[in-house]
Number of protein chains: 2
Amino acid sequence: MTKTAGANAVDERLFLQSVARALDVLEAFAQSPRPKSLGEIAAATGINKSAAQRIGQTLLARGYLERADSGGLTLGRKLLDRSFDYLRSNPLIERATPVLMELRKLAGERIDLSLFDDTSTIYAIRLQSKRETFYATLPGRRIPSFLSSGGRSCMAHMADEAVDDLLMRSNRRALTPKSRTELPQIWEKVREARAEGYSWAAEEALIGEVVLAAAVLDSDRQPIGAVHIAGSLSEWSIPDFRRRFSPLAIEAARALSV
Amino acid sequence: MTKTAGANAVDERLFLQSVARALDVLEAFAQSPRPKSLGEIAAATGINKSAAQRIGQTLLARGYLERADSGGLTLGRKLLDRSFDYLRSNPLIERATPVLMELRKLAGERIDLSLFDDTSTIYAIRLQSKRETFYATLPGRRIPSFLSSGGRSCMAHMADEAVDDLLMRSNRRALTPKSRTELPQIWEKVREARAEGYSWAAEEALIGEVVLAAAVLDSDRQPIGAVHIAGSLSEWSIPDFRRRFSPLAIEAARALSV
DNA sequence: ACGATCGTATCGTGCGCCAATACCTGCTCG
DNA sequence: CGAGCAGGTATTGGCGCACGATACGATCGT
């Protein structure tokens, strides 16, 4: 449970305990999304049963929790509304959508837009390819920045110290046997991304998958996200894939920058 | 702002005011997703500036709000995590994903999975078609049940009185000139859906679009969602579209039921 | 029949939140 | 140039909301 410390710290006296607890309850489902009883919620969040009851009832009344068939509580549909509002509110996503649709038509492969969020990277928009058979590539998924091509392409636009700092704070756990977890290996990819203008990764997050990504920059030239193109190694060699799609990703990312 | 009244009412004494207010703040962005100042938030939610400040700081610290460039507050990326958790937690979505992917490969048109939520219908999964050019079809979008093919296909599985009740509670505002807003017109479509096993709608939500949908039922034979297939009227005549895709939608919905 | 665990309900107390207020800063006016 | 406004930030005393212990009936599995 990273506390999002430092970046946006807040005066303790302005911090609402009950609101934070309510968020704790919702976040408790991140670890295991199964329905939970009041007792489980209390245990998972470290609050007592009474508080869990009150928070549960409140979130239930508002639709952020729902009764499960089992009698327990599950996450509620209202959460989708809030994430919809977020997607609408983000100007990058608004202007990215048509560009990404066009890109997918052109490339014919899966296109993702990821948002750079420090040590992790969030897939915000996912446009499946025609022959996609991989399991649930849901929007909202987070991937560690250090092993995603999108994260590395963003790091390529950061100062060396900032990259080092990010990598030090990352929990560098491998997702596949091919995941690069050692600092020199990752730095090598970051430098490559700086030279080439994009980054690529083969089977570092998912076996059989090759991805390349180019960073999207804001008006201060800071990376805010990346455009990904993902394909299957059963259909492409890595050199062919890079040669064919890297110009497309770079061009799309450039169009979305600033 | 429907209050989700009745369905899950709650003892007032267990209702946490500050949690509800925090949710009010997040929901305030639904009306207009632009960044808001503390004053705007206070005005939009009916709380005073002090409370808005405290709630804002708390949600900011947790990542559910972020500072906008302008200095105001916007929705935060953390909202995407919660909606991701919801999607993972919903068993229908889990088992639907591979089926829908297969369906899209087969149909070649846009596929949606919607969740039936009383007077409105939420698009939970959206698989774009190759030639999709329509503007941003984001997941989490809500459409009134009465004019969506998915909503009507769900109504077809409800008792007459329940349908009447739902329609009476709906705000039957047209989205396009072709939207059916009068009760007899809607009932006609519901009866048609009962007879055919699916429902269709042409240009009732979006000009140039034809959609058909079949309901997904739970173990109690209650409708919980629908499988949609959407195409463009520039490519299909309505009879051709119905003839070709209705069996696919019905079959997929049946596979997902129970 | 039983203990365990579920959700629900009650209640007195304490402290966490309330709202008013003041402060500082950067605007945009006249 | 200074008044005026709206922005975010910080402080405070007092009230009332939320706290947590506790108890209740229902439903399980044994």
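Since we're looking at a predicted model, the values are computed, not measured. Atom set for the values below is all heavy atoms of this structure, side chains included, hydrogens, waters and symmetry mates excluded. Chain A is the first sequence line, chain B the second, and so forth, proteins listed ahead of strands; every chain is numbered from 1.
For the residue pair B:Ser18 / A:Ser18, a side-chain donor-acceptor distance below 3.5 Å is found, with atom types taken as modelled. The closest side-chain donor-acceptor pair between A:Asp164 and A:Trp187 falls under 3.5 angstrom. The closest side-chain donor-acceptor pair between A:Thr74 and B:Ser89, if any, does not fall under 3.5 angstrom. At a cut-off of 3.5 Å, with distance as the only test, no side-chain donor of A:Arg77 or A:Tyr64 sits close to an acceptor on the other residue.
Distance, B:Asp69 CG to D:dG7 C1': 16 Å, rounded to whole Å. The interatomic distance linking B:Leu65 (CG) with D:dG8 (C1') rounds to 15 Å, in whole Å. Put simply, CG on A:Asn48 is 8 Å from C1' on D:dA21, counting in whole angstrom units. The interatomic distance linking A:Gln53 (CD) with D:dT22 (C1') rounds to 12 Å, in whole Å. Summarising the geometry, the separation between CG on B:Leu60 and C1' on D:dT9 is reported as 13 Å, rounded to the nearest angstrom. Look at CG on A:Leu73: it is 12 Å from C1' on C:dC6, rounded to the nearest Å. In this structure, B:Ile55 atom CD1 and C:dA19 atom P are separated by 10 Å, rounded to whole Å. When rounded to the nearest whole Å, the span between NZ of B:Lys36 and C1' of D:dG7 equals 16 Å.
At the phosphate of C:dC17, neither OP1 nor OP2 sits under 4.0 Å from any side-chain N or O atom of A:Arg21. Distances shown here put a side-chain N or O of B:Gln57 below 4.0 Å from the OP1 or OP2 atom of D:dT9. For the OP1/OP2 pair of C:dT8 and a distance below 4.0 Å, the side-chain nitrogens and oxygens of A:Arg54 include no atom meeting the criterion.
Listed nucleotides: D:dT9, C:dG7, D:dG20. Nearest to the side chain of A:Leu38: C:dG7. The nucleotide whose nearest atom lies closest to any side-chain atom of A:Ser37 is, among D:dG8, D:dT22, C:dC6, C:dC6.
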**Request:** Output, in order, the C-alpha distance, side-chain angles, deciding distance and verdict of side chain to side chain contact (heavy atoms under 4.5 Å, CB included) for A:Ser114 and A:Tyr123.
**Result:** CA-CA 4 Å; A:Ser114 70; A:Tyr123 291 112; 4.2 Å; yes
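Checked by distance alone, B:Gln17 brings no side-chain donor or acceptor within 3.5 Å of a matching partner on the base of D:dA18. Between the side chain of A:Ser18 and the base of D:dA18 there is no donor-acceptor pair of N/O atoms closer than 3.5 Å.
Crowding of B:Arg169 atom CZ: a count of heavy atoms from other residues, nucleotides or ligands under 6.0 Å exceeding 12. Heavy-atom contacts from other residues, nucleotides or ligands closer than 6.0 Å to CZ of A:Arg34 number 12 or fewer.
Under a 4.0 Å N-O distance rule, the pair A:Asp81/A:Lys78 does not qualify as a salt bridge. Electrostatic pairing of A:Glu27 and B:Arg62 counts as a salt bridge here, judged by a charged N lying under 4.0 Å from a carboxylate O.
Between B:Arg21 and A:Val19 the shortest side-chain heavy-atom distance does not fall below 4.5 Å.
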Might you list the N or O atoms of the protein lying below 3.5 Å from N or O atoms in nucleotides 22-28 of chain C, with each pair's distance?
none

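For the helix from C:dG3-D:dC28 to C:dG30-D:dC1, the angle separating the two terminal helix axes comes to 40°, with each axis derived from five pairs and the value rounded to 10°.
Each of A:Ile47 and B:Gly72 lies near DNA chain D, and the nucleotide nearest B:Gly72 is the one positioned closer to the 5' end.
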